[in-house]
Amino acid sequence: MDIKYTPAEIELKWQTHWQEKGIFTVSEDPGRKKYYLLEMFPYPSGRIHIGHVRNYTIGDVVARYKRMKGFNVLHPMGWDAFGMPAENAAIERGIHPSVWTHENIDNMRKQLKRMGFSYDWDRELATCEPEYYRWEQLFFLWMYEKGLAYKKSSTVNWCPKCETVLANEQVEAGLCWRCGSEVGEKFLSQWFFRITAYVEELLACCDKLPGWPERVLTMQKNWIGKSFGCEAAFPMANGTREIKVFTTRQDTIFGATFMLVAAEHPLVMELAAGKPCEEAVREFVEKIKKQDKKMRTSEYYEKEGVFLDTYCLNPVTGRKMPIYAANFVLADYGTGCVMAVPTHDQRDFEFAKKYDLPLIVVIQPHDKALNVKTMTEAYIDEGILVNSGPFDGMENLKAQEAIAAHLEKIGRGKKTVQYRLRDWGISRQRYWGAPIPMVLCDDCGTVPVPEQDLPVILPVDVEFTGEGGSPLARYAPFLETTCPRCGKAARRETDTMDTFVESSWYFDRFCSARHDARPGLDRAKVDYWMPVDQYIGGIEHAILHLLYSRFYTKVLRDFGVLGVDEPFTNLLTQGMVCKETTRCPEHGYLFPEEVREGMCTQCQKPVAIGKTEKMSKSLKNVVDPDYLIQAYGADTARIFCLFASPPEKDLEWSDQGVDGSFRFLARTWRIVVDYLEMIGGAAPFAGDRELEGDLKALRRKTHQTIRKVTSDIEDRFHFNTAISAVMELVNALYQLPRPAANDALALSVVRETVETIILLLAPIVPHITEELWQLIGRREALADVAWPVFDPAVASEEVITIVIQINGKVRSRITVPADEEGEQITALARADERIAAQIAGKRILKEIYVPKKLVNIVVQG
RNA sequence: GCCUGGGUGGCGGAAUUGGUAGACGCAAGGGACUUAAAAUCCCUCGGUCCUCGCGGCUGUGCGGGUUCGAUUCCCGCCCCAGGCACCA
């Protein structure tokens, strides 16, 4: 029989079959154990990229595997459909964001279906639909009622290119996370979610997420940034008021010689008011405010300040301390004011040197003596307190507690805790987002839209000019409304919500995706499916999306719409897909198809092979999934993504590697097809007879492979080693001398091996395996066949190789029965010809026997 | 600067609890089949030395240590990637 492996044909055939039969449509079944597998849903940019292929393949393997293990698997897919690229397309090309988004979704859905992913498409959702965001608006109203959503005027991060506000989390090294523009500052009235109300729970639960990678939890903990310290009050020298500071180093308070206030802090102008320095201070403050974020975070940014012609008193020493406004003090951390201890803080040291301010050493290190005249930098390590009144001679760390108590006793402070985490600013001055359901009335102020008036639907026929601000703010039919409270003319809120709000609960919505009754989540269904058992996505969301989702889950829990504390039990963060870059001296970076035999196709000059980097359009080192599917098929694309490296590591793209993956599938196909006529009528070996020789070995290998593949998938998601193991089994089948056509026993063993290969590969390459399964005469849907189990007795070796070492070096190997006694084995080791020769005449100091592994004989000399 | 990861053949990667380093794949070389090539199937493949053997030595970023034994544990250093970065 000669049937060719034609991926394009069989893949389409089975994809159609799965869809028509509704194989992957699921519903709640209290009698079965559920498994909720979720991959991060994509932004519908128009085309899937290799990163998606990898992410969704990893998820699909686990989903299909769990299904074969008997779980009721929920595996949904949807679209993170709001966001700026749609609006930019509207401005640049005149396509409405909705049209653009839906066309992209249609195209990407086709691409995902062509990959053969086992999604329940009946649950598909797009966050830009009113059926979705209406519930988000409802939750917003509830959050407003509870004070969890509030409006506040504040300085915000402003991206001049996107013309919108960015959350702190969305500013990366002073640049916009999305477009890379320099981020500036603006003073605006903004909506916030009070994520800080849950900060302790968010922090505490980090320790209750054993299924999350340590580094993600570390990043979140650092982001939350809890620090223990002390609030201390410094009275003004003229006795009018006091200045409060937060410090984690109250042990150094006796060395505080001046006071610093953030330049933007209102206190600065208050203190300078009416003084000769007022004009100079105002100039300084204006200058600092104008400087953009990037400047202020750069390394070369010099510490600067201006004296406010005012003094306060050190509460423990009574020393008169000059007050300065400074550019490097953060206005929105702690109290915005800092006690400066130049001897033990590097920043304060630099500031003191520049403005010639006094230094007092209060911590002496154990190994040297500090002298304020010769110090070239602050001493920030441990030591013994000096110049610290009653605390002299104490270890500085031990004094922390004592000094905090002292401050409390004299009524000048108390122990406190500070967090780095700020509330989540969710206002965006953009059109393509979920409208914030609020009305602004001149008389009543900010008034929520009544629940029964939801959803506030995004109007369609607005104008996209590309000019600053939101199109909604210029569109009267949306803007103009009446106040729900007093009935007078009023304006709608035109800000829309940050798209991270939609992605903070889409996993809940998947549980009851078509539920159209308040509150959009069917509690019974959500209770059945949530939490997500396994969440899979890119490490780039380690902070933003994952922290917001955790917060939103807790909010919804407290509203009683769901019953879990944490949304994702296990998290797998997959690595990036990378590829080497190619560069022509004349034409710059080249796409792979612009290079032929090391030459640029345009100018024939040799191209330079550059660094391997994350695939990106700007570096042109991209591989088009459509091309891959066309050339090799979806199964090859899938198996290559899994085989090239374990999921959490970066994957380096290799065209030869893809060839190799295809060859393996073709090789597997060939051996099964070769055997087709012979094993077509055979039943798999049932274990009812004794096997010997090659057949026994093949069957052992078969059962060992089941064991290996099962644990690789189940315990570690190490698909690369699982695939290696199946490759070995296929190689073993090739090695088996071809049995005679009438050798029923041998053929039944071969059949068992063939079926095992198909089943083990089924979650990884579902199309070729469905086809082979059918070819060998099986009729049931492969997706629902039970995962094979191995027989430990069959899988165990009856002889094992024992390594014999002399002084830790391998000198020989012996083969012994698996159940041989240790004493017998050491005796055999000593008797081994080569060992005996080498230990002859030497004194044996020690013999170590590691069961089933090795014997190490330690001899003298 | 701080916090995470990581560094193993020509390459991607194995080695799951301190116990045979280099599974599997790619590339390379050789053989079979073929008029020939492709495809396929089989074999070899870390380095080095010789007496060419089921040989010796060496080898998991570098230097030390613990141990009968270290890719694995400890100390110090170098390099790479990611995150944070004036958080008082």
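Here is how names work: the chains are called A, B, and so on, in the same order as the sequence lines, proteins then strands, and each is numbered from 1. These numbers come from a predicted model, not from an experiment.
Atom P of G55(B) sits at a distance of 36 Å from the matching atom of C74(B), rounded to the whole Å. Of the P atoms belonging to C43(B) and G5(B), the separation is 42 Å, rounded to the nearest Å. Look at the P atom in both G65(B) and U72(B): the space between them is 15 Å, to the nearest Å. The gap from the P atom of G76(B) to that of A28(B) amounts to 45 Å, rounded to the nearest Å. A gap of 39 Å separates the P atoms of U51(B) and U66(B), to the nearest Å. Spacing of C1' atoms, U8(B) relative to A70(B), comes out at 14 Å, to the nearest Å. Of the C1' atoms belonging to G9(B) and G18(B), the separation is 24 Å, rounded to the nearest Å. A gap of 27 Å separates the C1' atoms of C45(B) and U34(B), to the nearest Å.
With A14(B), C24(B), C41(B) as the choices, the nucleotide that has an atom nearest any side-chain atom of F643(A) turns out to be C24(B). Considering only side-chain atoms of V858(A), the nucleotide from A88(B), C84(B), C68(B) that sits closest is C68(B). Closest to the side chain of T247(A), out of G25(B), G83(B), A88(B), is A88(B). Of the candidates A88(B), G12(B), A23(B), the closest approach to any side-chain atom of E652(A) belongs to G12(B). Checking A85(B), C86(B), C3(B) against the side-chain heavy atoms of F328(A) singles out C86(B) as nearest. When distances run from any side-chain atom of K649(A) to the nucleotides C42(B), G83(B), G13(B), the shortest one goes to G13(B). When the nucleotides C57(B), A88(B), A15(B) are ranked by their closest atom to the side chain of R811(A), C57(B) comes out on top. Distance from the side chain of T218(A) is smallest to C3(B) among A88(B), G13(B), C3(B). Checking C87(B), A27(B), U20(B) against the side-chain heavy atoms of R347(A) singles out C87(B) as nearest. Of the candidates G12(B), G56(B), C41(B), the closest approach to any side-chain atom of R834(A) belongs to G56(B).
Each of G657(A) and N856(A) has a nearest nucleotide on RNA chain B; the 5'-most of these lies closest to G657(A). Comparing G660(A) and S711(A), the nucleotide of RNA chain B nearest to each residue sits closer to the 5' end for S711(A).
In this structure, Y333(A) reaches the A88(B) phosphate: one of its side-chain N or O atoms is under 4.0 Å from OP1 or OP2. Listed pair R663(A) / A39(B) fails the phosphate criterion, with no side-chain N or O lying under 4.0 Å from OP1 or OP2. In this model, the phosphate group of A15(B) is approached by a side-chain N or O of R716(A) to a distance below 4.0 Å at OP1 or OP2. Look at R670(A) and you'll find a side-chain N or O under 4.0 angstrom from OP1 or OP2 of C41(B). For Y734(A) and C41(B), the shortest distance from a side-chain N or O to OP1 or OP2 is below 4.0 Å. A sub-4.0 Å separation between OP1 or OP2 of A14(B) and a side-chain N or O of N720(A) is present. The phosphate of A88(B) (OP1 or OP2) has a side-chain N or O of S227(A) nearer than 4.0 angstrom. Taking only side-chain nitrogens and oxygens, R667(A) comes nearer than 4.0 Å to OP1 or OP2 of C42(B).
Judged by distance alone, with hydrogens and angles left aside, K809(A) brings no side-chain donor or acceptor close enough to the base of U58(B) to form a pair under 3.5 Å. Evaluation of atom-type donor-acceptor distances gives a pair under 3.5 Å for the side chain of R422(A) against the base of C87(B).
Side-chain contact check for T257(A) versus V341(A): every heavy-atom pair is 4.5 Å or farther apart. Looking at heavy atoms from C-beta onward, F284(A) lies in side-chain contact with E304(A) at the 4.5 angstrom threshold.
Annotation: cation-pi pair K303(A)/F328(A) present, NZ/CZ under 6.0 Å from the ring centroid and within 45° of its normal. For R420(A) and Y333(A), the positive end is not near the middle of the six-membered ring at less than 6.0 Å and at most 45° from its axis.
Pairing for G59(B) is absent, judged as Watson-Crick or G-U wobble with the two contacts each under 3.5 Å. Using Watson-Crick or G-U wobble geometry with both donor-acceptor distances under 3.5 Å, A81(B) finds its partner in U4(B).
Side-chain contact check for R54(A) and S645(A): at least one donor-acceptor pair (N or O, by modelled atom type) lies under 3.5 Å.
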Report the C-alpha separation of F640(A) and W653(A) in whole Å, then their side-chain angles, then the decisive distance to 0.1 Å, and conclude whether the ring-ring contact (aromatic ring centres under 6.0 Å, His included) test is met.
CA-CA 9 Å; F640(A) 174 72; W653(A) 195 264; 4.8 Å; yes
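With respect to K708(A) and D712(A), a salt bridge is recorded, a charged nitrogen being found less than 4.0 Å from a carboxylate O.
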